[in-house]
Amino acid sequence: MGETQKALYHLSIKEAGGLIESRQLSPVELTRAFLDRIGTVDEELSSYVTVLPDAALEQARVAEAEVMGGRYRGPLHGIPVAFKDLFDTKGVRTTAQSRVMEHRVPDTDATAALRLREAGTVLLGKLAMGEFAIGGMKSLFGQARNPWNVDYATGGSSSGSGAAVAAGLCMGALGSDSGGSIRGPSALCGIVGLKPTYGRVSRYGVIPLSWSLDHCGPMTWTVEDAAIMLQTIAGHDPKDPSSSEEPVPDYPGLLDRDVKGLTIGVPRHYLLDSNAGVEPETWASVETALAQMEGLGAHLEEVHIPSLEHAVTANTIIMLSEGFAYHRANLITQPEAFGDAVRIRMYLGSLFSVSDYLQAQRVRSKLKREFASAFRRVDTIAGPTKGKPAGLLSAEGADSIGVMGRPSFTSPFDQTGLPAISVPCGFTQAGLPIGMQIIGKPFDEITVLNVAHTYQQHARWYERRPIP
């Protein structure tokens, strides 16, 4: 192995990929480092629900033989990854963290999982999550803990993905996002989380929450790593009717632009409203980050999106109505198999009328029009990912209904399908991470990535780790 200045489990995908390609690092050695790290750290964090040591080492040996034989597949070859436990994995239990699916073993891979496997990644295991991507406290497994402070939550629903990437228990993870479930945990765990444009990444083989809101995307330590993973999982999939045929650019290859001349829109009218729930410490970090980007050559402009105040209500109605439709049969035949929070929330979905659902879709259409209008004047839109830092784990799931109506600056971009990324932008005085969200035009992930990358390289928050 070549000399590195970091523990192997603290390398980025880009760094490790370069060492593997030049044969300075063995995929087997790298995989063992992560398996050892999981064995040492994860008993306290509970980020994994399934660990695959034998299969992972075998995949690593295959990757090593291929690299040594001149059959290098690309920047993800030999890279250890893990998936939220609603991505189907052939022959590996996939449960969505619910007793309803406790013994479910798929016979095929989700398309995103398959594409990563074909790129040569090593699957370390499956990661904890909120039950069916909407549950609060545990149903089948325990709740993941925040590596910055284990008394705190990681956010939902890609909870294990956030914790595992932050703690150095995998180099990258797949998450899903219907109201903020990639970006929220990423912000609260101090990592990068990208929700691509709706249709950019196939959802085939991913247990649904809400067909019209669900997105899949990467969760990584750096923006470069998110671009590398997105490059592999993006693109049309005939197995997913919502999958787009929009051409996929070279994300890593185009990740060299800066923010000079770009206009960043900021909806202060919404973010600074007392009802938005953005705490002063969070806003101060985001405001500082925006000022830094202005110093790097960007122009800040106020944008007004009137329907943002109705977005959470519309998102809740759409999500719970579609969620109930998917789970209806099991809710009737085995309601006791669902966790309390999920069962209550899904029953709520059964109470919305057709009129409620259609009115929510009208709000959604209006939001799309308003954002389209704003994007005629700005290149991206930015603000805090979450209004406040992580909360105590003991408080998670305490309010099964009220939590659905909390203010959100993530759910509007599930409704509109716009690409959005969360990137670390500071810490609270208590040492908990704060995330900034950057949103782009449809299928313009490259601009979103470039703005996030420019800020990341300037602020360098990625140099701070929660666990040595």
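Residues F352 and F324 fail the side-chain proximity criterion, which asks for heavy atoms closer than 4.5 Å. Between D214 and S176 the shortest side-chain heavy-atom distance does not fall below 4.5 Å. Looking at L86 and M129, their side chains come closer than 4.5 Å, going by heavy atoms from C-beta outward. Using a 4.5 Å heavy-atom threshold, the side chains of R183 and D414 count as touching. Side-chain atoms of P267 and F409, non-hydrogen and from C-beta on, do get closer than 4.5 Å to each other. V378 has its side chain out of reach of I264: every pair of non-hydrogen atoms, C-beta onward, lies at least 4.5 Å apart. Looking only at side-chain heavy atoms (C-beta outward), S365 and Q361 stay at 4.5 Å or farther from each other. At least one side-chain heavy atom of P384 sits under 4.5 Å from a side-chain heavy atom of W283.
Of the possible polar contacts, none joining the S244 side chain to the G199 backbone as a donor-acceptor pair under 3.5 Å is found. Judged by distance alone, the side chain of S157 and the main-chain N or O of G130 form no donor-acceptor pair under 3.5 Å. A distance-only check finds no donor-acceptor pair linking the side chain of Q415 to the backbone of A314 [under 3.5 Å]. When atom types are taken as modelled, the side chain of H327 and the backbone of A325 share no donor-acceptor pair closer than 3.5 angstrom. Formation of a donor-acceptor pair under 3.5 Å by the R99 side chain with backbone atoms of L140 is not found in this model. Here the side chain of T333 pairs a donor or acceptor atom with the backbone of A329 at under 3.5 angstrom. Judged by distance alone, with hydrogens and angles left aside, the side-chain atoms of D444 form no donor-acceptor pair with the main-chain N or O of K441 at under 3.5 Å. For the pair D42 (side chain) and Y48 (backbone), a donor-acceptor distance under 3.5 Å is present. Q97 places no side-chain N or O within donor-acceptor distance of the main-chain N or O of A128, the cut-off being under 3.5 Å.
Annotation: cation-pi geometry satisfied between R464 and F427 (NZ/CZ under 6.0 angstrom from ring centroid, within 45° of ring axis).
Among the candidates N450, L418, V451, the single residue satisfying the side chain to side chain contact (heavy atoms under 4.5 Å, CB included) test with T380 is V451.
Rounded to the nearest 0.5 Å, atoms CD1 (I305) and NZ (K366) are 11.5 Å apart. Taking CE from M101 and OG1 from T95, the interatomic distance works out to 9.0 Å, rounded to the nearest 0.5 Å. Residue R203 holds its CZ atom at 3.5 Å from OG of S242, rounded to the nearest 0.5 Å. The distance from the CG atom of L169 to the CD1 atom of I38 is 6.0 Å, given to the nearest 0.5 Å. Taking CG from L45 and CD from Q143, the interatomic distance works out to 12.5 Å, rounded to the nearest 0.5 Å. From C425, atom SG reaches atom CD1 of I434 across 6.0 Å, with rounding to the nearest 0.5 Å.
Relative orientation of the F338 and F132 rings is tilted, given thresholds of 30° and 60° on the angle between their planes.
The salt bridge (Lys or Arg N to Asp or Glu O under 4.0 Å) analysis of residues 78-98, with sequence neighbours excluded, yields the pairs D85-K126, D88-R104.
Judged by distance alone, the side chains of S408 and T410 do bring a donor and an acceptor atom under 3.5 Å apart. E370 and S307 share a donor-acceptor pair across their side chains, judged by distance under 3.5 Å alone. When only modelled atom types and interatomic distance are considered, T94 and T89 share a side-chain donor-acceptor pair under 3.5 Å.
The environment of E43 atom CD is sparse: at most 12 non-hydrogen atoms of other residues, nucleotides or ligands sit within 6.0 angstrom.
Of the charged side-chain nitrogens involved, at least one lies within less than 4.0 Å of a carboxylate oxygen, so that R200 and E445 count as a salt-bridged pair.
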Notebook entry, point to check: Can you list the steps and then say if E131 with S98 is a side-chain hydrogen bond (donor to acceptor under 3.5 Å, both in side chains)?
Noted result: CA-CA 6 Å; E131 183 184 2; S98 177; 2.7 Å; yes
Next item on the list: I would like to know whether R465 and I467 meet side chain to side chain contact (heavy atoms under 4.5 Å, CB included); could you show each step before the answer?
Entry: CA-CA 6 Å; R465 288 274 187 175; I467 303 175; over 6 Å; no
Next item on the list: I would like to know whether T385 and V286 meet side chain to side chain contact (heavy atoms under 4.5 Å, CB included); could you show each step before the answer?
Entry: CA-CA 9 Å; T385 308; V286 173; over 6 Å; no
Next item on the list: Test side chain to side chain contact (heavy atoms under 4.5 Å, CB included) on N146 and L393 and set out the steps.
Entry: CA-CA 9 Å; N146 197 312; L393 192 70; over 6 Å; no
Checklist line | Full working for side-chain hydrogen bond (donor to acceptor under 3.5 Å, both in side chains) between S210 and E322 | finding: CA-CA 5 Å; S210 171; E322 295 183 4; 2.6 Å; yes
Next item on the list: Go through V248 and Q231 one step at a time and tell me if the side chain to side chain contact (heavy atoms under 4.5 Å, CB included) criterion holds.
Entry: CA-CA 8 Å; V248 177; Q231 190 67 46; 4.0 Å; yes
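Closest approach of P424 and V192 over heavy atoms only: CD-CG2, 4.1 Å. The two residues P196 and L230 have their closest heavy-atom pair at CG-CD1, 3.8 Å. Among all heavy-atom pairs drawn from P185 and S158, the shortest one is CB-O, 3.5 Å. Taking all atoms of both residues into account, the shortest heavy-atom contact from F34 to M171 is CZ-CG, 3.2 Å. Contact record, G435 with S422: CA-OG, 4.1 Å, taken as the closest heavy-atom pair. Nearest heavy atom pair, residue F443 against residue T197, reads N-OG1, 2.8 Å.
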Using distance only, find each side-chain donor-acceptor pair of residues 217-224 under 3.5 Å and give its atom names and separation, not counting sequence neighbours.
from	atom 1	to	atom 2	distance (Å)
T220	OG1	T222	O	2.7
T220	OG1	A226	N	3.2
W221	NE1	Y462	O	2.9
T222	OG1	E224	OE1	3.3
T222	OG1	D225	N	3.2
T222	OG1	D225	OD1	3.4
T222	OG1	D225	OD2	3.4
E224	OE1	Q456	NE2	2.8
E224	OE2	H453	NE2	3.4

In a table with atom names and distances, give each donor-acceptor pair under 3.5 Å that connects a side chain of residues 75-82 to protein atoms at least two apart or in another chain.
from	atom 1	to	atom 2	distance (Å)
H77	ND1	R73	N	2.9
H77	NE2	E66	OE1	2.7

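Residues passing the salt bridge (charged side-chain N to carboxylate O under 4.0 Å, His left out) test with D109, sequence neighbours excluded: R117. Taking the ring pair (Phe, Tyr, Trp, His ring centres under 6.0 Å) definition, one finds that H269 meets it with H304, sequence neighbours left out. Applying the side-chain hydrogen bond (donor to acceptor under 3.5 Å, both in side chains) test to T31 and every residue at least two apart in sequence or in another chain returns nothing.
Between F371 and F413, the ring center distance clears the sub-6.0 Å criterion.
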